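Computed from a predicted structure; not experimentally measured. In what follows, chains are A, B, ... by sequence order, proteins preceding strands, each numbered from 1.
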Amino acid sequence: MAVQTLSERRRPGPLAVFWSAPSSFRIGFVLLAVHILLAVFGPFIAPFPQQQMMVGRPIQGPDLTHWFGTDQLGRDIFSRTLHGGWIVISLSVTGTILGVAIGATIGLACGYTRGWVDEVVMRLVEAILSIPFLILALLTVSMAGPALAGSPFLVIMVVAIIYTPRIARMARAAALDVVMRDYVTAARLRGEATFSVVRRELLPNVMGVLLVEFAVRAGYAPILIGTLGFLGFGMQPPSPEWGLMISEYRNLLTVQPWAVFGPGLMLSTLVIGLNFFTEGLARILGRSPVRNSK
Amino acid sequence: MNTAVSLILQRIVYSIGTLVLVSVIIFAAVEVLPGDVTARILGREAPIEAREKLRVELGLDRPAVERYFTWARGAVQGDFGMSLSARKPVDEIVFVRLRNTLILAAYAMLLYIPLSIIPALVQAFYPNRLPDRIISTLTILILSTPEFLLSTLLLFGLAVAFPIFPPLSQVSGAANPLEFLYMITLPAVSLAILLAVSGTRLLRESMIDLLDSDFIRMAELKGMSRLRVVLRHALPNALIPWLNATAINFAFMIGGVVVVERVFVFPGFGSLLVDAMQLRDVPLIEASVLIAAFIFIAVNLVADIGAVLLNPKLRT
Amino acid sequence: MQIGQGFKALLLGASIFGLAATEAMAVECVKVIGTEPGVPNITMDPAFVNTSDDSYQLNAVYNRMVNLDSSFQPIPELAKSWSVSDDGLTWTFNLEENVTFHDGKPMTAKDVVFSFRRLLDPEVGSPAKSVLGFLDPSGINAVDDHTVTFKTPTVVADLPTVLAIKYGMVVPEGSTKEQLKLHENGTGPFVQDVYDPTQTRRVFQRNKNYWRKGLPKAECLELSVITEDVTRLAAIKSGAADLVLQAGAANASVLAGDPTLKLEKSAPGTYMTLSMWVDTPPFNDVRVRQAMKKVIDRQLLVDTLVLGNGVAGNDNPVPPTSPDAYMHDIKPQDIEGAKKLLAEAGYPNGLTIELNTGEGSPGMVALAQAYQQMAALAGITVNIINNPADSYWDTTWMKKPFFGSNWSGRPAAEGLPYTFRSDATYNEAKWKNPDFDKLLDEARAEVDPAKRQQLYKDAQKLLSEDGGVIVPYFTSDVSVMRADCEGYVPHPQVPIMNYENFVCKGKEAQN
């Protein structure tokens with residue numbers, strides 16, 4: 001205890017801040033850092049080109065050359081897995097950012113202004129929310145047409161479209177909560193400009209909620225993208241997106257399980273990392289990550 | 001109480017408005033989709049004349065707006081029309097699938113309740129100690145497993161390696177209700193586990209929050225046993241947000257379990273939705289999406305009313 | 001809002017389990033699992049066969065007049081023999097006697113005449129018209145109860161082969177498409193028992209009066225389609241299924257080591273194509289087309305993409321088991337030759353093209369990818385455009401200058417005019433070659449089998465060298481069955497299945 005008191009007098013370095021964070025945050029941070037490093041450098045250290053067929057005998061188990069074995073086309077699964085990382089991470093993050101940005105803008109604007117615009121927009125949000133999300137995904141994919149088919153932009157769009165109404169509803173509730181507070185009402189009555197009220201009162205108060213919401217959504221996005229891939233509405237073969245790889249290699253489960261476990265392990269550790277990180281982040285911000293979702 | 005009733009009435013009126021909006025959105029969306037129902041029904045080798053013939057037979061040569069209103073007039077009177085592909089009344093088709101799905105959802109719910117409450121109780125009883133940590137890790141592990149992987153593992157584990165349950169949930173062949181349930185055990189377990197982990201996390205979180213509160217501390221100081229505190233005070237209060245989440249999970253199970261349905265060949269509502277969509281079978285799409293939307297809205301309404309009734313503070 | 005009757009019952013909570021179908025089953029059914037889903041768009045009407053899912057069930061309940069053997073030669077079914085007049089214009093088919101439809105009515109020549117005229121009737125609107133359009137409905141006539149004649153406007157030397165198409169099943173005279181959509185009335189080995197176009201599980205009972213005595217060997221047949229590879233594996237491994245149709249090459253190798261299972265391979269028949277529009281640059285130059293064909297290592301594709309379950313193709317569509325097939329001089333991979341041809345055609349530095357594909361049939365993307373890698377060796381940069389599987393056949397197929405496709409094997413007499421003649425509806429490459437058309441016409445009119453075969457081969461040689469369609473290999477269909485089952489042999493032509501001899505221990509026909 002004494003040592004800690006001493007160190008508190010000095011300005012704590014980043015390392016000290018890190019060590020004082022909740023353990024879940026630290027585990028999550030490390031897992032994420034490893035994943036990001038692998039995502040960035042993986043394609044360069046991959047032993048084989050990810051799409052090259054017949055770099056090994058088709059369907060063989062792990063050995064020293066092929067750490068996760070090979071698939072039906074004789075492609076090296078380890079190399080494919082390494083190439084998949086940045087696809088999964090970048091799609092998840094951009095899709096979530098887009099969804100949160102659009103959703104938050106709609107929600108905050110509605111919650112702040114209220115009135116008939118709010119009514120109309122919220123009815124629309126409600127209608128879209130009540131359509132099963134897979135149908136929404138399928139509609140988006142079919143409507144985009146061949147020009148965008150299987151492209152990462154489409155997957156980002158689908159993720160954003162699924163997230164937007166959910167975030168909008170949540171952001172609106174958060175905004176309403178803030179707007180109802182006396183000091184905000186006072187500021188508005190004083191005739192302060194909308195922009196400054198939003199900037200000084202609204203945003204700082206909802207930022208925490210949005211941040212946690214973003215992290216929760218980002219943590220689910222890799223699974224969502226994988227599920228879309230599984231159903232054929234997400235990335236298309238030959239993309240090495242992990243969810244797609246797992247679904248493509250499922251039938252090898254009995255003969256070459258590493259084709260599934262390799263990308264599966266990567267996907268799981270990424271999601272676990274994101275979840276721990278979120279939990280820690282939420283605890284630092286004093287919020288619950290669990291209750292904000294859904 | 002009067003305000004509550006009028007609030008509920010207002011919500012119901014809004015909900016009907018939402019359903020109308022959904023029907024318009026879906027109709028318009030399917031209308032602009034590339035691809036054509038006649039090509040899908042007849043196959044890619046069908047000559048143009050055959051497709052034109054079918055188009056006229058199905059009444060697709062009339063303008064879209066007219067077709068929508070014909071459909072809507074029928075729907076209001078309870079006639080959802082004929083499926084373009086199966087050539088059977090849409091409500092018959094939807095009824096069978098919906099019944100299957102509701103049974104599956106109910107079964108899964110039955111498993112979900114103990115699966116989500118018991119681990120959370122253990123965690124609340126030993127917060128931040130080994131049992132809590134183990135369960136937390138397990139829940140996060142399952143939470144991070146895509147449902148198609150989890151159900152595949154269950155399939156190979158419990159139907160092939162240890163053949164306890166049938167791999168295929170082909171319920172139309174069930175001779176009696178018991179066999180029906182036996183057949184759908186694997187999908188029910190998959191769904192229950194998938195949803196229970198989020199339920200457990202939610203319960204744990206709220207219970208541990210509550211146990212930290214001064215009120216509970218007081219009770220403990222007064223000499224109440226930990227078990228009693230957890231069961232009598234923490235659990236009932238934590239159940240309110242949990243019930244809300246459970247209701248939403250139930251609604252999700254109606255339209256969103258395509259993956260589990262596909263893996264276990266269960267003739268459910270979700271795959272009907274996707275199949276109808278891929279065939280561009282508009283009457284079938286409209287009816288299924290509306291039912292799913294109706295259930296979503298109804299469940300949310302019930303959950304909101306339930307929250308009001310359960311929470312004394314919100315009662316008027 | 002008023003709701004449909006079904007939902008009222010639901011809301012009342014009644015009949016939750018009431019509809020669970022109960023069939024009194026003395027003997028368990030043989031359980032057959034298909035791969036390509038059709039529900040809810042499946043039909044019991046042979047005039048509207050679309051997906052394999054339709055064929056799975058139609059082959060159980062109907063008979064064709066003429067069928068094909070595994071080398072695509074016509075064999076008798078409801079017609080026990082046939083002959084052609086000296087001028088080659090009038091075909092006489094002698095029908096089996098003592099054949100009855102499932103409703104008890106005897107099958108006669110009138111039914112056959114009705115069935116084929118129906119396929120040509122614009123009021124019915126069957127897709128079959130795109131193959132049989134050359135027939136004149138008034139030329140199809142019953143001579144007596146068991147004799148049918150087909151009089152063709154010109155000589156069609158392979159008429160029996162053409163009549164064996166997937167639509168060519170015999171239905172009773174007077175059937176309407178409304179009736180047949182939901183309820184079959186065929187002469188086949190099994191009779192419809194439990195059937196609903198919205199349910200993938202169907203049950204068929206043995207036809208006790210089947211005209212082929214002693215058949216079928218199984219008491220009943222339960223059919224369903226499983227779209228998930230992994231679930232099919234689980235089903236056959238656990239014994240929940242007895243036979244998996246169209247199991248696919250990759251699954252076959254996964255299951256090969258399992259002692260409780262048996263694999264049956266068909267002769268190779270199905271093929272994928274990469275088709276180039278010969279009227280669009282750069283494919284309008286035959287040297288470019290030849291270069292595009294030269295870059296392929298065909299045997300390597302067979303070894304990887306279908307794990308050896310197939311044979312190399314030679315850019316013509318006639319399956320190699322057919323005696324009519326031109327399989328001579330399968331093009332070896334020749335990168336230098338391809339480069340030289342490209343240089344001559346004005347592309348010394350290679351060229352860049354777009355290949356449109358999509359999982360319209362499984363494996364099409366993998367083929368495109370393999371092609372991309374092989375073409376790169378000769379300086380051809382192939383950009384793959386991966387289209388949505390869902391709408392591939394409506395929006396991409398035959399609508400782009402270079403695209404992938406998938407075909408079931410067809411005999412020369414049907415396949416060549418169907419997809420390669422100048423005026424063919426499915427002329428994927430827009431290849432219009434008068435010499436080719438002339439060879440086909442001569443072959444169609446040639447009564448001497450040896451000469452006809454030579455004409456077909458000449459036509460295919462021309463197609464292989466000059467045409468715009470790449471046919472890299474033919475695939476064998478693989479079926480998997482439990483070790484205690486026997487009697488099912490997959491056919492190289494996908495829509496042909498024969499369950500007559502299929503039976504498993506303990507599921508034999510009872511008397």
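Taking chain C as the reference chain and counting heavy-atom pairs below 4.5 Å, the highest number among B:Ile48, B:Leu54, B:Val265 is found for B:Val265.
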Exercise. Would you please test C:Leu182 and B:Arg87 for side chain to side chain contact (heavy atoms under 4.5 Å, CB included) and show each step?
Key: CA-CA 9 Å; C:Leu182 297 176; B:Arg87 296 296 185 93; 5.7 Å; no
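Rounding to the nearest 0.5 Å places CZ of B:Arg280 at 13.0 Å from CG of C:Asn41. Between the CD atom in C:Glu228 and the OG1 atom in B:Thr152 there is a gap of 7.5 Å [rounded to 0.5 Å]. Rounding to the nearest 0.5 angstrom, the gap separating the CD atom in B:Glu49 from the OG atom in C:Ser126 is 11.5 Å. Taking OG of C:Ser238 as the reference point, atom CG of B:Leu158 lies at 12.0 Å (rounded to 0.5 Å). Once rounded to the nearest 0.5 Å, the distance linking CD of B:Gln170 with CD of C:Glu222 reads 6.0 Å. A distance of 6.5 Å separates OG of B:Ser85 from NZ of C:Lys181, quoted to the nearest 0.5 Å.
Side-chain atoms of C:Thr231 come within 3.5 Å of backbone N or O of B:Val263 as a donor-acceptor pair.
Contact record, C:Gln199 with B:Val96: NE2-CG1, 3.3 Å, taken as the closest heavy-atom pair.
At a 4.5 Å heavy-atom cutoff, the contact between B:Glu57 and chain C is made by side-chain atoms alone. With a threshold of 4.5 angstrom between heavy atoms, B:Pro47 approaches chain C through its backbone and through its side chain. Only the side chain of C:Lys177 comes within contact range of chain B, with at least one heavy atom under 4.5 Å from a heavy atom of that chain.
Taking the side chain as every heavy atom from C-beta outward, B:Pro267 and C:Thr200 never approach each other to under 4.5 Å.
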